[in-house]
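Below is one structure, written out as structure tokens; comments come after it.
Counting starts at 1 for both ligands and their atoms, following the listed order. This one's a predicted model, so the numbers in the text were calculated from it and none came from an experiment.
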Amino acid sequence: MASVPFTISDLQTSGSGFRSSPTLLCTPLMGTTVDLMLIEMGKAKEIGADLLEIRLDCLRAFNPRQDLDILIKQSPLPTLFFASYEHSRPVWEGGQYEGDENKRQDALRLAMQLGANYVDVELEVAHDFNNSIQGKKPDSFKVIVSSHNFHNTPSAEAIGNLVARIQATGADIAKIATTALDITDCARIFQITVHSEIPTIGIVMGERGLISRILSPKFGGYLTYGALEAGAISAPGQPTAKDLLELYNFRLIRPDTKVYGIIGKPVGHSKSPLLFNAAFKSVGLNAVYLHFLVDDVEKFFKTYSAVDFASGCSCTIPHKEAALKCMDEIDPIAKKIGAINNIVRRPDGTLTAFNTDYIGAITAIEDGVRELNGATPSAVSPLAGKLFVVLGAGGAGKSLAYGAAQKGARVVVANRTFERAKELAEKVGGKALTLEEVQDFHPEEGMILANTTSVGMKPKIDETPLAQHALKHYSVVFDAIYTPKDTRLLKEARETGAVIVYGTEMLIRQGFEQYKNFTGLPAPEELFRQLMEKHA
Ligand code: ATR
């Protein structure tokens, strides 16, 4: 198919689905032959890319006139040509160039003549290149002048100067790619893309720079790169085009989109973005939920202090405790537990924190008790007055013990390290036991058991924290472990006739609570459940 001149406004109305912003999605082709690149082109178009970056230095052999002609004429999408100058000098084995700079630029000029839409040239050679094409540039052709920094992200001032230098070369579009040493480095690139006088591509490379790539539509970036496949990235930290479009709803991001996310380290494995982005989309909320790989929580909240940024955050290991000191307000139970997992930014910019883990677990157990009693929800918790035994005194143990005590249960804490059990039991006005003592503890029948120790967790799935003979005194048994879902403890409790409550239920319900706190809306429970089931 012949390549056709295109404009940004064409792109806004073409392609699949509704689009909120003009930021383009560019997929780099990494094929080593022209034929492989042609196959990649078809795939990229199918995924929904707007633009193809053809990296000439990837080609093992290169016959400029013939190959460029084929690539440009057969491309189903606009093309951007790039031949790396600084970092992988052209190695066109068997080709004519062998790293010769003039010939490299000749190839880019030829691409222009043959109908390419963009070329990307480095700042160092941009003056020469732009002078050489003066008066010969087709209207539909644009020169991107780029600067790559593989070490760090300079100060806002230094980046501003760099953009000015790029502009002075006569560039149509500026591209600044830096390296993130910290997630807050992205803020300086956002500042540049928002304020730059010429269209600007701002990319912060590396895992900590991921948000710069996803949020480029929010900050007016000209384009962002999305790889064809996870293993075929052309720069560190590049997401796939599919993730940008399907996981992060890239097409729906615009300048007033609110940014949510999960703060953690590591955090890439979290399924929360999948749940929240699908939920936001299902109700048409103008919001996106990201993975925030954070090293220093305080610096993160100080840097990203705008009302529409970090509007709400989930918080996971290792920041559940450290985040406490950045908050303006803390839910009283979360304060007692000493750990938060849910942060909401109020319209006045202040931060309020909650612990939804305990709400998730306690509501799941309450439903378990109701199932037993056949009771319907009422103002009084079915845990009131019950004897509630918590195994473990770590973070999850504290959540369960405080949560149960708040509901009026009589709490018993049993822990391997007795001192920790004692400390927690005292705080919740309960009783402390050792793990040995709890095996024969049955002052009454129909007790409730909540395991928060890691005993029975994958891979040690044959272990259990409480012997089966002891389980007959419990009517409801909860296990915070969710890998495996059906732990030995739960299997044995089911055999003894207890109502069992899965750890996955705590996980999903804490998500419902987070969603409610973030949005003030009821959680799309069915959607969350379906997604959890599908992606577990
Ligand atoms: P979490 O935040 O998930 O609760 P944690 O704070 O590390 O994690 O707490 C783990 C809990 O599991 C603790 O109560 C721990 O007992 P200790 O306080 O004695 O460390 C308990 N635990 C971990 N491994 C255990 C084992 N092999 N046997 C018994 N208890 C164990």
Side-chain angles (χ1 to χ4, degrees), residues 262-267 269-270 272 297 314-324 333-342 353-362 364-365 388-405 411-428 430-441 449-468 470-471 477-485 487-490 492-493 501-511 514:
I262 177 161
I263 296 174
K265 183 187 169 184
V267 76
H269 62 281
S270 169
S272 295
V297 196
S314 308
C315 186
T316 186
I317 290 166
H319 301 311
K320 286 188 175 193
E321 288 165 31
L324 276 167
I333 303 277
K335 202 171 198 167
K336 283 186 185 165
I337 294 168
I340 57 176
N341 70 329
N342 179 243
F354 303 89
N355 182 315
T356 68
D357 284 336
Y358 91 88
I359 302 175
I362 292 292
I365 297 169
F388 193 106
V389 177
V390 180
L391 304 182
K398 281 185 196 158
S399 296
L400 267 296
Y402 279 110
V411 177
V412 174
V413 182
N415 194 43
R416 177 177 62 182
T417 309
F418 180 67
E419 274 311 305
R420 291 182 85 188
K422 215 169 121 198
E423 200 182 315
L424 178 56
E426 270 167 19
K427 285 190 178 146
V428 299
K431 182 180 167 69
L433 297 176
T434 63
L435 276 188
E436 290 71 41
E437 286 168 337
V438 80
Q439 308 294 330
D440 293 312
F441 177 76
L449 181 72
N451 173 47
T452 71
T453 73
S454 47
V455 181
M457 194 191 294
K458 240 181 185 174
K460 298 184 176 172
I461 58 169
D462 294 334
E463 296 183 357
T464 185
L466 197 67
Q468 191 169 17
L471 287 172
V477 176
F478 163 76
D479 198 338
I481 293 172
Y482 52 86
T483 50
K485 180 179 177 183
T487 57
R488 178 172 161 197
L489 176 73
L490 292 182
E492 293 183 351
V501 180
Y502 293 111
T504 48
E505 203 51 35
M506 165 177 174
L507 200 65
I508 202 157
R509 287 174 185 238
Q510 70 77 25
Q514 296 224 24

Verify atom 10 (C) of ligand 1: protein non-hydrogen atom under 4.0 angstrom away
no
Looking at atom 7 (O) of ligand 1, tell me if a protein heavy atom falls under 4.0 Å from it.
no
Taken to the nearest 0.5 Å, the spacing of Leu391 CG from Asp479 CG works out to 9.0 Å
Indicate yes or no: at least one non-hydrogen side-chain atom of [X] is less than 4.5 angstrom from one of [Y].
X: Lys336; Y: Tyr358; value: no
X: Asn341; Y: Gln514; value: yes
X: Pro465; Y: Leu489; value: yes
X: Val455; Y: Lys460; value: no

Is it the side chain (CB and beyond), the backbone, both or neither of [X] that lies under 4.0 Å from ligand 1, heavy atoms counted?
X: Val455; value: side chain
X: Arg420; value: side chain
X: Ala396; value: both
X: Asn415; value: side chain

Considering only non-hydrogen protein atoms, determine which one is nearest to [atom] and report residue, atom name and distance to 0.1 Å.
atom: atom 2 (O) of ligand 1; value: Gly395 N, 3.3 Å
atom: atom 5 (P) of ligand 1; value: Gly394 CA, 3.9 Å
atom: atom 30 (N) of ligand 1; value: Arg416 CB, 3.8 Å
atom: atom 12 (O) of ligand 1; value: Thr453 CA, 3.3 Å
atom: atom 17 (P) of ligand 1; value: Thr417 OG1, 3.5 Å

Side-chain donor or acceptor of [X] paired with backbone N/O of [Y] under 3.5 Å:
X: Arg488; Y: Glu463; value: no
X: Ser314; Y: Ile262; value: no
X: Glu505; Y: Tyr502; value: no

Ser399 versus Asp357, side-chain donor and acceptor atoms under 3.5 Å
no
Looking at Ser454, which atoms of ligand 1 are within less than 4.0 Å of one of its heavy atoms?
12 (O), 23 (C), 24 (N)
What atoms of ligand 1 come closer than 4.0 angstrom to any heavy atom of Gly392?
14 (O)
Could an N or O of ligand 1 be found under 3.5 Å from any N or O of Ala393, whether backbone or side chain?
yes
